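Because the structure is predicted, anything quoted here is derived from the model rather than measured. In what follows, every chain begins at residue 1, and chains take the letters A, B, ... in the order their sequences are listed.
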Amino acid sequence: MKLKEQINLYIEDALANASIKVENISVSEAGKPEFGDYQFNGIMPLAKTLKRNPREIAAEVVSCIDTSGLITKAEVAGPGFINLWLNDSWMSEAAGRMLADPRVGVEKKPYPIKVVIDYSGPNMAKEMHVGHLRSTIIGDTLSNLLSFLGDEVIRQNHIGDWGTQFGMLIAYLEEIGLETGSKNLKDLEQFYKSAKRRFDEDAAFADKAREYVVKIQSGDPHCLKLWKKFIDISLGHCEEIYDKLDVNLGREDVRAESFYNEKLPEVIKALEEKGHLQVSEGAKCVFLEGEEIPLIVQKGDGGYLYATTDLAALWFRAEALGAKRISYVVDARQAGHFKQVFRVAKESGLVGEDVLLEHIAFGTMMDKGGKPFKTRDGSTVKLVDLLDEAVIRAKEAIKAKEEYSPAELENLARIVGIGAVKYADLSIHRESNYIFDWEKMLSLEGNTSLYQQYAYARIMSIFRKYDGEIGQTIVVGNEIEHRLVLLLLRFSDVLERAAKDAAPHQITSYLYDVTTLFMRFYEQNPILREHVEESVRQSRLALSALTANVIRQGLSILGIGVVERL
RNA sequence: GCGCUCAUGGCUCAGCUGGAUAGAGCAUCGGUUUGCGGUACCGAAGGUCACAGGUUCGAAUCCUGUUGGGCGUACCA
């Protein structure tokens with residue numbers, strides 16, 4: 001249910017009845033409880049053109065607002081605000097419908113589109129590090145979100161499986177044998193270093209490595225086989241991480257860099273035909289108006305570049321996959337690159353005008369001192385290590401609480417630990433750099449996943465204790481219930497806006513509000529205590545259930561689990 | 001040099017198309033319990049929204065400039 005849209009309709013009617021034209025009819029959430037639930041601020045800008053007192057106009061509109069349904073009261077306030085109060089029984093009914101709905105009141109889009117979301121993108125020659133974490137988590141959340149809202153989401157993992165370093169790596173893999181190789185590949189960093197050492201120390205090996213690069217590219221069966229094996233093993237390790245992270249990214253979503261190889265000459269040809277290509281200093285480039293530096297698509301030696309592959313991928317995604325929105329979840333430092341690539345794709349017609357291209361940029365992960373996140377010795381932190389540490393720390397944080405079997409504790413620690421890492425990342429505005437802090441992340445206080453998982457478990461505990469049928473009727477009976485129901489009814493609006501802005505933190509922030517408000521409600525409104533009237537008890541139980549549903553569904557979109565007991 | 005981006009209480013962050021007295025959490029100080037999970041809840045204190053102009057009925061938000069930080073700047077990805 002789209003609450004805001006419904007309120008807008010009332011305002012629209014009132015304005016029509018008052019014969020007043022407003023361009024942008026949209027109410028906003030009231031800043032304070034005394035200002036009601038929603039407010040409409042669209043009157044004041046009119047005052048000047050109409051040469052009338054804004055309060056007078058507002059009063060006229062207010063008198064035309066239908067207060068027999070959703071809205072129960074409308075008032076003029078301040079210089080010409082219109083404050084709106086929503087009707088409790090209308091809200092109660094809406095909340096009841098939401099409770100009965102498995103989709104928690106969120107309708108699917110009537111006109112879904114195909115959306116490609118490009119995220120994670122690890123390099124097969126290197127270990128996945130914390131830099132991949134944000135792309136993976138944010139991309140996965142957006143995919144979950146858009147697909148929940150009804151779009152057809154095509155996840156694309158654009159893995160880096162091509163380049164000169166693979167000659168060296170497969171030569172080394174061949175040398176040490178597949179068996180030892182696949183074991184050693186668990187630590188890619190180490191594997192790479194060993195291969196590099198061989199390359200630097202042994203001229204014969206170096207020659208072979210260079211030879212293998214050429215052989216892979218020319219399709220030599222032996223080298224191709226080795227290369228495929230290498231990629232397979234390396235990708236397997238990434239999948240272990242996806243598994244740990246509980247991210248929906250599988251083999252079927254992988255469309256590697258190498259996939260686009262044969263399309264690269266076609267990209268050049270297409271650009272040439274459109275007359276966009278210029279040769280500058282030996283390289284084939286596209287010069288864009290207003291841009292100082294051209295986009296180079298083919299090197300002087302004939303080799304292709306990152307930009308060429310990206311253009312090929314855009315082309316493929318728009319043409320073959322039929323995407324109408326293509327989103328790249330990539331580090332903010334590449335903003336310039338994408339700006340150029342997108343422009344070239346559009347101007348050359350590789351991608352149609354009706355396709356939305358967006359760079360979902362994110363900032364860098366910092367340590368507590370505000371420096372880029374590194375290990376003590378200054379190397380990049382491996383993602384596996386980070387995730388394992390999260391689980392260990394989560395175990396520490398929860399094990400004192402109750403008696404669990406080792407298996408239960410392991411599972412719980414995984415949900416809590418991984419959830420904390422993800423939530424910490426998603427709860428920050430994605431474009432800003434964020435500070436990685438274990439203590440804060442696994443704290444039960446403040447805007448964390450654990451606080452919400454705890455609240456959820458508490459609600460579950462109420463139901464365990466009650467142990468009976470829970471009604472579906474919610475009756476708003478007091479101020480705090482009114483506020484809680486109102487907030488829950490906004491769920492759909494929040495998801496929609498978060499999808500539009502590609503901003504997961506809007507969801508975390510909302511869930512935090514829900515949880516906080518529920519805690520307050522629960523503190524003030526007894527549910528299971530003896531003196532509580534049965535109908536009130538039922539309503540409060542139903543309200544608790546609805547709250548739990550919203551928390552569970554919201555966290556699920558973020559890829560975070562909940563538990564019955566904590 | 002040019003371009004992009006950021007600057008909000010001691011710390012970490014919100015602040016939606018400009019809207020009413022700029023909101024949270026942590027830390028600090030104080031309070032709540034015959035305990036529906038106190039790992040909770042309530043309250044207090046704490047901000048010239050980097051600075052200076054401008055636009056507007058109204059600016060943390062838009063425009064210009066200044067200062068300070070981060071990043072990017074043609075054959076890496």
[X] near the nucleic acid: base, sugar-phosphate alone, or nothing, with a heavy-atom cut-off under 4.0 Å?
{"X": "A:K339", "result": "nothing"}
{"X": "A:R464", "result": "base"}
{"X": "A:N53", "result": "nothing"}
{"X": "A:S280", "result": "base"}
{"X": "A:P54", "result": "nothing"}
{"X": "A:E281", "result": "base"}
{"X": "A:A77", "result": "base"}
{"X": "A:G31", "result": "nothing"}
{"X": "A:R520", "result": "sugar-phosphate"}
{"X": "A:H337", "result": "nothing"}
{"X": "A:K48", "result": "sugar-phosphate"}
{"X": "A:Y451", "result": "sugar-phosphate"}
{"X": "A:E439", "result": "nothing"}
{"X": "A:M44", "result": "base"}

When you measure from the side chain of [X], which nucleotide among [options] comes out closest?
{"X": "A:K465", "options": "B:rA20, B:rG37, B:rC75", "value": "B:rG37"}
{"X": "A:I428", "options": "B:rG37, B:rC57, B:rC13", "value": "B:rC13"}
{"X": "A:L528", "options": "B:rG37, B:rA20, B:rC36", "value": "B:rC36"}
{"X": "A:P45", "options": "B:rC71, B:rG19, B:rA14", "value": "B:rG19"}
{"X": "A:Y434", "options": "B:rU73, B:rG38, B:rC13", "value": "B:rC13"}
{"X": "A:N433", "options": "B:rG70, B:rC57, B:rG35", "value": "B:rG70"}
{"X": "A:A457", "options": "B:rG37, B:rC26, B:rC13", "value": "B:rG37"}
{"X": "A:I527", "options": "B:rC36, B:rC16, B:rU12", "value": "B:rC36"}
{"X": "A:L305", "options": "B:rA20, B:rG1, B:rC75", "value": "B:rC75"}
{"X": "A:H505", "options": "B:rG25, B:rA14, B:rC16", "value": "B:rA14"}

Round to the nearest Å and state the distance from [X] atom [atom1] to [N] atom [atom2].
{"X": "A:L288", "N": "B:rG3", "atom1": "CG", "atom2": "P", "answer": "17 Å"}
{"X": "A:R430", "N": "B:rA14", "atom1": "CZ", "atom2": "P", "answer": "12 Å"}
{"X": "A:K371", "N": "B:rC71", "atom1": "NZ", "atom2": "P", "answer": "11 Å"}
{"X": "A:E291", "N": "B:rC2", "atom1": "CD", "atom2": "P", "answer": "16 Å"}
{"X": "A:Q334", "N": "B:rC76", "atom1": "CD", "atom2": "P", "answer": "15 Å"}
{"X": "A:Q453", "N": "B:rG37", "atom1": "CD", "atom2": "P", "answer": "19 Å"}
{"X": "A:E564", "N": "B:rG37", "atom1": "CD", "atom2": "P", "answer": "15 Å"}
{"X": "A:F166", "N": "B:rA77", "atom1": "CZ", "atom2": "P", "answer": "12 Å"}

Answer yes or no: does a side-chain N or O of [X] lie under 4.0 Å from OP1 or OP2 of [N]?
{"X": "A:Y522", "N": "B:rG37", "result": "yes"}
{"X": "A:K440", "N": "B:rG25", "result": "no"}
{"X": "A:R458", "N": "B:rG38", "result": "yes"}

* **Check against salt bridge (charged side-chain N to carboxylate O under 4.0 Å, His left out), A:E496 and A:K4** => CA-CA 11 Å; A:E496 199 167 326; A:K4 195 179 267 190; over 6 Å; no
Base partner of [N], which must satisfy Watson-Crick or wobble distances under 3.5 Å:
{"N": "B:rC2", "answer": "B:rG72"}
{"N": "B:rU34", "answer": "none"}
{"N": "B:rU64", "answer": "B:rA52"}
{"N": "B:rG47", "answer": "none"}
{"N": "B:rG25", "answer": "B:rC11"}

* Take A:Y423 and A:N447 through the side chain to side chain donor-acceptor pair (under 3.5 Å) test and state the conclusion after the steps. => CA-CA 9 Å; A:Y423 193 95; A:N447 188 7; 2.6 Å; yes
Say you pick atom [atom1] in [N] and the same atom in [M]; how far apart are they, in whole Å?
{"N": "B:rG68", "M": "B:rG31", "atom1": "C1'", "value": "43 Å"}
{"N": "B:rC63", "M": "B:rG10", "atom1": "P", "value": "28 Å"}
{"N": "B:rC62", "M": "B:rU5", "atom1": "P", "value": "11 Å"}
{"N": "B:rG19", "M": "B:rG15", "atom1": "C1'", "value": "13 Å"}
{"N": "B:rA27", "M": "B:rG46", "atom1": "C1'", "value": "12 Å"}
{"N": "B:rA22", "M": "B:rC41", "atom1": "C1'", "value": "25 Å"}
{"N": "B:rU66", "M": "B:rG25", "atom1": "C1'", "value": "34 Å"}

* To do: Would you please determine if the base of B:rA20 is stacked by A:F35, with stacking meaning a centroid separation under 5.5 angstrom and planes under 30 degrees?
  => yes
* Step through the shown structure and confirm whether more than 12 heavy atoms of other residues, nucleotides or ligands are within 6.0 Å of CD on A:E34. => yes
* Structure fact -> Comparing nearest nucleotides in RNA chain B, the 5'-proximal residue of the pair A:R333, A:Y306 is A:R333
* Asked: Should A:D493 and A:K2 count as side-chain neighbours, where that means a heavy-atom distance under 4.5 Å?
  -> yes
* To do: Using a 4.5 Å cut-off on heavy atoms from C-beta on, say whether the side chain of A:M168 contacts that of A:K196.
  => yes
* Does the side chain of A:Q334 come under 3.5 Å of the side chain of A:Y306 through a donor N or O and an acceptor N or O? -> yes
* To do: Describe, in one word, how the ring planes of A:F259 and A:F316 are oriented to each other, choosing from parallel (under 30°), tilted (30 to 60°) and perpendicular (over 60°).
  => perpendicular
* Report yes if a donor N or O on one partner sits less than 3.5 Å from an acceptor N or O on the other, where the partners are the side chain of A:D310 and the base of B:rA77; otherwise report no. => no
* Should the pair A:R490 and A:Y38 be classed as cation-pi, given the thresholds of under 6.0 Å to the six-membered ring centre and 45° from the axis? -> yes
* **Over all atoms of both residues, closest heavy-atom pair of A:I459 and A:S544** => CG2-O, 3.6 Å
* To do: Test salt bridge (charged side-chain N to carboxylate O under 4.0 Å, His left out) on A:E439 and A:R393 and set out the steps.
  => CA-CA 9 Å; A:E439 277 81 50; A:R393 282 176 182 265; 3.7 Å; yes
